[in-house]
Number of protein chains: 2
Amino acid sequence: MNKKKQQTEQTKKKIADAARTLFAQKGYKATSIEDIVNAAGCSAGNIYYHFKNKEGLFLYLLEDWNREWDQTWLAKEKLYPTTVDKLFGMAEYLALDQLSHPLTKASDEFFNNSEKAPDVEERINNMVKGYIDFNQQLLQKGIDNQEFEIADVSSLAIILDSLLFGLNLHTRRMEREETLAAYRLAMRVFLHGIAKPAR
Amino acid sequence: MNKKKQQTEQTKKKIADAARTLFAQKGYKATSIEDIVNAAGCSAGNIYYHFKNKEGLFLYLLEDWNREWDQTWLAKEKLYPTTVDKLFGMAEYLALDQLSHPLTKASDEFFNNSEKAPDVEERINNMVKGYIDFNQQLLQKGIDNQEFEIADVSSLAIILDSLLFGLNLHTRRMEREETLAAYRLAMRVFLHGIAKPAR
DNA sequence: TAAGATACTGAACGTTTATTCAGTATTATA
DNA sequence: TATAATACTGAATAAACGTTCAGTATCTTA
């Protein structure tokens, strides 16, 4: 293994980790390069050696999250027999991931501020759409399996996303167990809310 | 009526309105004084004549929202006979208010960034607690009236808040009718989710 | 081991930002 | 109407910020 490549990989990860935490905590604009420099323990120039600029670093983090999610989910999904199980599994993962929801407040802030280059804007739009589609497909599968009966799948996909997104804010001030419980309860309320009428 | 007082009131409102819209759109940090100056059509100095500083302006907006909410709610609450009706009424109000949720992403960003003076921190903490308490009391009333049966009221108060908060983000890109429908559906899912088992 | 490539430093630069303040216009007061 | 109080202006200031770059250290390659 090339020692330089290894070094690059390592520091790139160190920067990414520091940046992710800070962005999630403080938001995009409020996180300065100097903040990241201090947290990562490297120079400002080094950040610009590994990433095009602050925007590029942020986009990298978003896409990195996506990659990891796809990978993790692909492996985990099979373990859950029903859609209901899958939804609980998803809730658990999001609860434990901490920096969980992809559309964090930072992304939202990032997205809504000042004009981005059209290609950047499109990439973000696609991501947001992707999250909703993900929910929608999951819910649709539950309908197909007759686990629940709902009319407006796309609206419910948004509602599910809203619930998880909002929960992410509150649970940031909670302990691990409390967080897990909150996510589980949220999913239970949601599922009960869309359940087939008992018979 | 004093003409000076009138003038002060008017421009203070003009600044507050402009700032509120911008903060809600772009977030706290990303909204510059110059942005507000342009939107309000006054000088930078004038803002500092009416408000202590940017932080003071923001806190004023938060507390202003609270005042208005208390007032509106006090008047509206009586019109709704059951707790379920009240919750739907609340959803409708939040949907139509646009800059609706008090704990917008701007507040969240504001709150999480850098140390605030202890008194400021406490004021914000009290506000957040207030929103949750509001939900909790409403839900408790529903339980007392035997409209629904739930065990963990305080957790559900947070879940309700999460749902409404998250929805606020998504509906910002929706039209009026779509927004209303989304809030109504969200509340229906929530209520169905905590409903007494049908018998 | 010499030469080139790669990884990194940190001071410097130009912008943007919140905030101030000396000065001006408008209104209230006596 | 003269004087004081209030409302406001906008250029100046200093701090913070993202970004660059000449230079240095480390590693790869031939």
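In the text below, chain A, chain B and the rest are named by the order of the sequence lines, each starting its count at 1. Keep in mind it's a predicted model, so treat the numbers as computed, not measured.
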For nucleotides 4-6 of chain C, list the nitrogen or oxygen atoms of the protein found under 3.5 Å from its nitrogen or oxygen atoms, one pair per line.
from: C:dT6; atom 1: O2; to: A:K4; atom 2: NZ; distance (Å): 2.7

Enumerate all atom pairs, one protein N or O and one N or O from nucleotides 13-15 of chain D, separated by less than 3.5 Å.
none

Is there any protein nitrogen or oxygen under 3.5 Å from a nitrogen or oxygen in nucleotides 16-18 of chain C, and what are the pairs?
from: C:dA18; atom 1: OP1; to: B:T31; atom 2: O; distance (Å): 3.4
from: C:dA18; atom 1: OP1; to: B:K54; atom 2: NZ; distance (Å): 2.7
from: C:dA18; atom 1: OP2; to: B:I33; atom 2: N; distance (Å): 2.6

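Nearest approach of B:C42 to B:V37, heavy atoms of both residues: O-CG1, 2.9 Å.
Between B:E63 and B:R123, at least one side-chain nitrogen of the basic residue sits less than 4.0 Å from a carboxylate oxygen of the acidic one, meeting the salt-bridge criterion. A salt bridge links A:R20 with A:D17: the closest approach of a Lys/Arg side-chain nitrogen to an acidic carboxylate oxygen falls below 4.0 angstrom.
For the atom pair CZ (A:F165) and CD1 (A:I158), the distance works out to 14.0 Å, reported to the nearest 0.5 Å.
In the set D:dC8, C:dG10, C:dT20, the nucleotide with an atom closest to the side chain of B:Q7 is D:dC8. Of the candidate nucleotides C:dA28, C:dC8, D:dC27, D:dC27 has the atom nearest to the side chain of A:K3.
Proximity of B:N2 to the phosphate of C:dT27: no side-chain N or O atom is located under 4.0 Å from OP1 or OP2.
Between B:E55 and A:K12, the residue anchored nearer the 5' end of DNA chain C, judged by the nucleotide with its closest heavy atom, is A:K12.
Of the listed residues (B:F134, B:Y131, B:W65), just one forms a ring-ring contact (aromatic ring centres under 6.0 Å, His included) with B:W73, and that residue is B:F134.
Per the geometry, CD belonging to A:E9 stands 14 Å off C1' belonging to C:dA7, to the nearest Å.
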